[in-house]
Amino acid sequence: MKKQFLAKSLVAFCIGGILASQCCINSSAKNISKNKTKNYFFTDTSGAVMGAEVYMTINEKYNITSEGKVKYTSRTAYMWARYTGNANKPSLHMIPPRHFNSDGSVKNTFTWSNRDYIAPGGVNVVVSIGNDKNVTYAKGNKKYSQLSYTLGDSSYVLTPTVSGSCKLNLGVCY
Amino acid sequence: MKKVIVFGAIVVACAVPILSAEQFGSKSVADTTYNSVSNIIYNNTDAEDQGDVVAKGSDIVVYENEVKLQSQLSQYSDDPKTEEEALQDIIEEKALYQKAEELGYKVDDSKLDEMVENIKEMYADPKTSNREVLEAILSKYENEEEYWAYLKDRYRITETIAAYEADLMKDYAKEEGIKKEVSPDDEKWQDYREEEVNKIQEDANVKIIEEK
């Protein structure tokens with residue numbers, strides 16, 4: 001009887017503990033979306049200035065564990081750019097949006113392609129997420145403005161920058 | 001203690017000019033590049049003086065300054081071109097544009113105006129990161145409108161060709177039975193495009209004029 005009571009108490013204690021920990025994790029579940037937009041000029045080799053608007057969104061879902069650590073359940077980065085003058089058709093878009101691994105520390109590769117095939121020059125997009133000590137980057141200068149970038153572990157600063165335009169036979173780098 | 005202060009002062013005195021020089025150094029490199037690029041653009045986009053004719057076809061004329069512009073600006077790109085290579089690119093572009101026009105491709109003036117307006121708006125927008133690029137170009141022109149007119153002409157060419165090439169891509173996809181979007185990097189598409197462009201260039205019958 002005593003043993004049975006002890007066993008039941010133990011089970012109840014365990015279940016209670018599990019529920020409590022779940023409850024605490026769930027109560028600190030976070031869902032954050034960050035946006036950033038920047039504009040850049042670049043020049044093709046005919047001397048025509050083009051504009052690129054770069055948009056970034058990072059959606060993060062994470063829990064705070066009982067030890068106070070951040071545990072990502074999902075991190076999705078979306079980034080796309082469009083050339084000015086082509087407002088209705090984003091000419092650069094990221095396909096497809098990819099996920100970070102759940103620990104948030106894994107690098108991933110993204111690819112954009114110039115869907116509308118209008119870019120007379122490439123645009124080199126460098127994305128950094130994190131502070132200077134932990135720079136992760138994105139770089140794209142492939143033919144037809146195809147862009148790829150790598151995202152690594154991040155803090156909460158998004159800094160898309162575009163450095164020149166250096167591809168095909170047209171882009172001018174500054 | 002005194003020695004430490006003296007040493008510290010020397011270190012600071014040395015470090016400040018070095019750091020400042022570095023900062024100004026990188027800025028001046030950028031300034032020089034902006035300036036060089038804008039000089040090249042300004043010197044070669046004069047509608048009244050385009051230099052000698054360097055190539056001629058049935059309906060195509062290529063001028064010396066167009067070639068200089070492309071070749072000189074490409075030196076700042078990842079893909080520098082000789083004047084001969086730049087000339088080939090220009091012939092290809094002109095032949096494609098001519099063909100597109102023949103086939104009835106036309107971009108509305110209102111769309112081109114809107115594109116130029118977008119650039120102007122971006123120039124006025126403080127969140128644009130590198131306004132100096134355009135600032136340097138515009139500073140060369142006595143009348144900014146000359147550059148805006150040039151820009152509009154360039155957009156007309158690139159947009160018309162883009163519309164034509166988009167349809168060429170559709171034709172290719174149809175022929176190949178491709179239902180999803182064709183990637184511009186698709187090698188077979190590139191071969192297809194090259195073949196079409198070669199045919200168009202042959203029809204344009206452009207002859208390079210040898211220097212005397």
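As a basis for the values below, the full set of heavy atoms in this structure was taken, side chains included, without hydrogen atoms, waters or symmetry mates. Here is the naming used below: chain letters follow the sequence lines, and residue numbers restart at 1 for every chain.
Aromatic ring pairs are classed by plane angle as parallel below 30°, tilted from 30° to 60° and perpendicular above 60°; the pair B:Tyr141 and B:Tyr42 is perpendicular.
Under the rule for a side-chain hydrogen bond (donor to acceptor under 3.5 Å, both in side chains), B:Glu102 has no partner lying at least two apart in sequence or in another chain. Applying the side-chain hydrogen bond (donor to acceptor under 3.5 Å, both in side chains) test to B:Gln98 and every residue at least two apart in sequence or in another chain returns B:Asp59.
Taking a cutoff of 4.0 Å between a charged side-chain nitrogen and a carboxylate oxygen, B:Lys188 and B:Glu176 qualify as a salt bridge.
For a residue to count as touching a neighbouring chain, one of its non-hydrogen atoms must lie under 4.5 Å from one of that chain's; by this rule B:Asp153 does not touch chain A. Contact annotation for B:Tyr123: both backbone and side-chain heavy atoms come within less than 4.5 Å of a heavy atom of chain A. Proximity to chain A involves both the backbone and the side chain of B:Leu69, based on heavy atoms less than 4.5 angstrom apart.
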